[in-house]
Every structure is written in C-alpha cells, then in structure tokens.
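Take a look at the structure below.
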Amino acid sequence: PAGAPGAWGGVRRRCQRLLYWVPVLFISSILCWSYYAYVTQLCLLTMTNIGEKVVCLVAYHIFFMLFVWSYWKTIFTLPMNPSKEFHLSYSDKESLEREPRGESQQEVLRRAAKDLPIYTRTMSGAIRYCDRCHLVKPDRCHHCSVCDKCILKMDHHCPWVNNCVGFSNYKFFLLFLAYSLLYCLFIAATDLQYFIKFWTNGLPDTQAKFHIMFLFFAAAMFSVSLSSLFGYHCWLVSKNKSTLEVFRAPIFRHRTDKNGFSLGFSKNLRQVFGDEKKYWLLPVFSSLGDGCSFPTCLVNQDPEQASTPGGLNSTSKSENHLFPAKPLRDSQSHLLTDAPSWPETAAKADKGKVGMSNPALTMENET
C-alpha cells in the first residue's frame, strides 16, 4: 500500500521511544529493590538495636526522598528551546530555500542575527544556524539528534534519564548525582558491619543474608561511578563549561576561547544555582538567566588554546581580547556589576565595531 512505508516508520519511532525508557526502568527497579532490601530486610528484620533502627530509617528516607525528587525533576523537566526571536520569519525561510548558497543567503542571516545577543560563531566565522529547526542558534545551544530539537545550553543527552540535560534541568541533574551518591554511600556505610558478619558467619542463614550482601556490592559499585561523574560535573560548574564545550571550545568573533563564559567560581556557581542559597539544595528551578544569552568575560590568551579559527581575519593584540559588545539580558547582566573593566571594554568595543557588527557569513549547518 502507498501508506505502508510511512506507517512502518511511525511504528519504528514509537518502538524507539519505548526502548529509550529501558535505562530509566532499570534504575527505577534497582531503586525499588534497594528500598525493600534496606528498609525491610536490613532495618526491620536484621537490626536488633531500636535506636539504630530509628536513626537509619529516618536518615535513609531523607536521602531516598531527595534522590527520587531530583531524579523525577531531571526526567520530566522539558528541555528549553530557543525563543521566537531566534526563529527565521516565513519570508526569510522562503528566501533561504529559494536562493542558492551564496551572498543572498548570507544577507538573510545577517538580518536575522543583527539584533540578537549572540557572541559565538562556527569554525569558519559564520552565524550558527540550524537548518532542521530553521533558527539562528543562541550561544551554547546545540541540536540534539535524539530529541530532534535545539536545546538551550545543551550539556548532553542522558539515556539514564531519557532526556536532554540543558539549561532547564542542569541543576536538577547535578542534585540527582549528588543525592544518588549520598544515598549509595549511606547504604554502604550502614550496611558494612552486617556485610562483614555475613562473611564471618555472624548472621543466621536467612533470606536477608543475601539481600544484605548484594545491597552492599550494588551501593559500593554505584558509589565509585557516581563519585567520578559528580566530581567531573562539579569541575564543569566551577569553570562554567558544558560537556560539549569541553570537547569543542566555543568560538567567539575573534578567536576560540575555552574559558570565554567563565566569570569566576562564585559567579559560575550562582549562574547554575541562583542567588538565593535557600534553594540551592532543593530540586526547584533557581538558575539565572533565560538560557538564550550568557555574559562573557575577558580571558587572557592561553598558549594551549587553538589559534584564531580559519576564515577569520587576524586582529591586533588589543582587539583580540574583545567580545561583541551587545547588551546582555537583564536577568544575566547583574553578574558583571562588580567587574569594573566591563563598561570600559564595552565602550572600546562600541568605538571600533563600525562596519563589523557581523563578520562575513558563510552558510554552515552545525549540529
């Protein structure tokens, strides 16, 4: 039948969506089993000291609640997409489709990006454009091949949460790693003495014996993997980088700068967790900004950094340290209020930006 290929394609996509939930179901099943093994088999049936039971049960349920809450928020918080101002108008889309690649398409992108708060470029110096979503990509935005959408401040697509980790849920992801690590460490620490009794035949030969053994092994194994992953993302937060930016440093107008978005440890931390410390440890959204624009800073040239991207004109030493002086969003600009060099830098950039608000653009699709 004529509609058979399309029908089979729809069935295949639905099957793929179901398969994407397998890792989440795996983690959820382990979590449910660990709850039964710890609460029922260890605390209620094995522990004999009433005080120890109460303390372990109360502490366990606190870690369990925070773990499940942050995991839930990471999974079901929808990734944020670029706002309407970054999408091409209907007439611009028609122009891009009608005209051959060349100056006419470059002119369309120049007009679309003229008033947008974008600092970064492609390797050839072109405006970062997504031909699948038909939009000019905001800084730190990337197209996810799994979600088939452009994701604001995309870090990576995580199969364990079946979701893209980006601007809208990065804080939740960090808390998920932190609380899952604490959860595993707590179980391993409180289960250790009973695990030792298992090997020394100090426990009666019951069903609880095997739950205690496997519970300790699972908690210890996950603690090792989670500690390395959590440590890595703590380092990313301290440097204001995403996983994608570690593998491919952002390219600004004049050069590549791997630390271009770093504002110092304190401001980097606040950009993810917000200004109100009472919300830092809770999986509620408190990150600063709108995800479409980010403040940059002036960073001295690192001898290990890549040279100026191909296709960009070389600049003098003083010009090489300037970022585009476009205004920041109100929600982000206050991060730079205590940086006295910023107004002077912006003034210098304004003075020298005549005729260079956008470099020569080359149509280049980047996913």
Query raised in the report: What residues form a side-chain contact (heavy atoms from CB on, under 4.5 Å) with Asn49, not counting sequence neighbours?
Result: Glu52

Distance, nearest 0.5 Å, that separates [atom1] of [X] from [atom2] of [Y]:
| X | Y | atom1 | atom2 | answer |
| --- | --- | --- | --- | --- |
| Leu152 | Cys141 | CG | SG | 5.0 Å |
| Met123 | Arg128 | CE | CZ | 13.0 Å |
| Tyr179 | Leu182 | OH | CG | 8.0 Å |
| Phe222 | Leu229 | CZ | CG | 12.5 Å |
| Asp191 | Thr46 | CG | OG1 | 9.0 Å |
| Ser70 | Leu177 | OG | CG | 8.5 Å |

Is any side-chain heavy atom of [X] closer than 4.5 Å to a side-chain heavy atom of [Y]?
| X | Y | answer |
| --- | --- | --- |
| Tyr232 | Thr243 | yes |
| Pro295 | Leu263 | yes |
| Ile251 | Thr122 | no |
| Gln41 | Tyr36 | yes |
| Cys164 | Met154 | yes |
| Asn81 | Cys150 | no |
| Cys184 | Met221 | no |
| Leu135 | Tyr129 | no |

Could you tell me which non-hydrogen atom of [X] sits nearest to which non-hydrogen atom of [Y], and how far apart they are?
| X | Y | answer |
| --- | --- | --- |
| Ser287 | Val272 | OG-O, 2.5 Å |
| Arg270 | Asp275 | NE-OD1, 3.0 Å |
| Lys241 | Lys258 | CE-O, 3.2 Å |
| Cys130 | His143 | SG-ND1, 3.4 Å |
| Met80 | Asp290 | CE-O, 3.8 Å |
| Asp139 | Pro117 | OD2-O, 3.8 Å |

Examine distances only and state if a side-chain atom of [X] and a backbone atom of [Y] form a donor-acceptor pair shorter than 3.5 Å.
| X | Y | value |
| --- | --- | --- |
| Thr77 | Thr74 | no |
| Asp155 | Gly166 | no |
| Asn162 | Ile75 | no |
| Ser228 | Ser225 | yes |

Query raised in the report: Got a sec, which residues hit ring pair (Phe, Tyr, Trp, His ring centres under 6.0 Å) with Tyr170, two or more places apart in sequence or on another chain?
Result: His233

Requested in this report: Apply side chain to side chain contact (heavy atoms under 4.5 Å, CB included) to Leu44 and Leu57, showing your working.
Outcome: CA-CA 9 Å; Leu44 299 180; Leu57 284 172; 4.2 Å; yes

State yes or no: do [X] and [Y] share one hydrophobic cluster built from I, L, V, M, F, W and Y residues joined by side-chain heavy-atom distances below 4.5 Å, directly or via other members?
| X | Y | value |
| --- | --- | --- |
| Ile187 | Val55 | no |
| Phe67 | Val224 | no |
| Phe176 | Tyr20 | no |
| Phe167 | Leu78 | no |
| Ile151 | Trp160 | no |

Taking atom [atom1] of [X] as the centre, does the number of heavy atoms from other residues, nucleotides or ligands within less than 6.0 Å exceed 12?
| X | atom1 | answer |
| --- | --- | --- |
| Phe198 | CZ | yes |
| Lys149 | NZ | no |
| Lys239 | NZ | no |
| Phe285 | CZ | yes |

**Report entry** Pair Lys73-Asn169, side chain to side chain contact (heavy atoms under 4.5 Å, CB included): steps then yes or no
**Finding:** CA-CA 7 Å; Lys73 293 284 285 186; Asn169 63 349; over 6 Å; no

Requested in this report: Start with the C-alpha distance between Ser262 and Asn268, add both sets of side-chain angles, then the distance that settles side chain to side chain donor-acceptor pair (under 3.5 Å), and finish with yes or no.
Outcome: CA-CA 6 Å; Ser262 180; Asn268 294 342; 3.1 Å; yes

**Report entry** Phe64 and Tyr35: CA distance, side-chain angles, deciding distance, ring pair (Phe, Tyr, Trp, His ring centres under 6.0 Å) verdict
**Finding:** CA-CA 8 Å; Phe64 180 81; Tyr35 184 90; 5.0 Å; yes

Would you tabulate the side-chain donor-acceptor contacts of residues 21-34 under 3.5 Å, counting partners in other chains and residues two or more places apart, or write 'none'?
unit_1: Ser28; atom_1: OG; unit_2: Val24; atom_2: O; d: 2.8
unit_1: Ser29; atom_1: OG; unit_2: Leu25; atom_2: O; d: 3.2
unit_1: Ser29; atom_1: OG; unit_2: Phe26; atom_2: O; d: 2.7
unit_1: Trp33; atom_1: NE1; unit_2: His211; atom_2: ND1; d: 3.2
unit_1: Ser34; atom_1: OG; unit_2: Ile30; atom_2: O; d: 3.3
unit_1: Ser34; atom_1: OG; unit_2: Leu31; atom_2: O; d: 2.7
unit_1: Ser34; atom_1: OG; unit_2: Tyr183; atom_2: OH; d: 2.7

Query raised in the report: Any Lys/Arg nitrogen of Asp257 or Arg255 sitting under 4.0 Å from an Asp/Glu carboxylate oxygen of the other?
Result: yes

Less than 6.0 Å separating the ring centroids of [X] and [Y]?
| X | Y | answer |
| --- | --- | --- |
| His156 | Phe173 | yes |
| Phe216 | Phe195 | yes |
| Tyr38 | Tyr60 | yes |

Query raised in the report: Going by distance alone, is a donor N or O of one side chain under 3.5 Å from an acceptor N or O of the other, for Asp92 and Ser89?
Result: yes

Query raised in the report: Is a side-chain donor-acceptor pair under 3.5 Å present for Lys171 with Ser286?
Result: yes

Query raised in the report: Given Arg140 and Glu245, is the salt bridge (Lys or Arg N to Asp or Glu O under 4.0 Å) satisfied, shown in steps?
Result: CA-CA 8 Å; Arg140 316 185 83 173; Glu245 289 168 352; 2.8 Å; yes

**Report entry** Criterion ring pair (Phe, Tyr, Trp, His ring centres under 6.0 Å) on Phe261 and Phe252, from CA distance to verdict
**Finding:** CA-CA 10 Å; Phe261 292 108; Phe252 295 88; 5.3 Å; yes

Report task. Give the intermediate values and the outcome of side chain to side chain contact (heavy atoms under 4.5 Å, CB included) for residues Asn240 and Gln271. Result -> CA-CA 8 Å; Asn240 205 336; Gln271 196 172 97; 3.1 Å; yes

**Report entry** Verdict with supporting geometry, Val237 and Leu174, side chain to side chain contact (heavy atoms under 4.5 Å, CB included)
**Finding:** CA-CA 9 Å; Val237 171; Leu174 283 173; 3.4 Å; yes

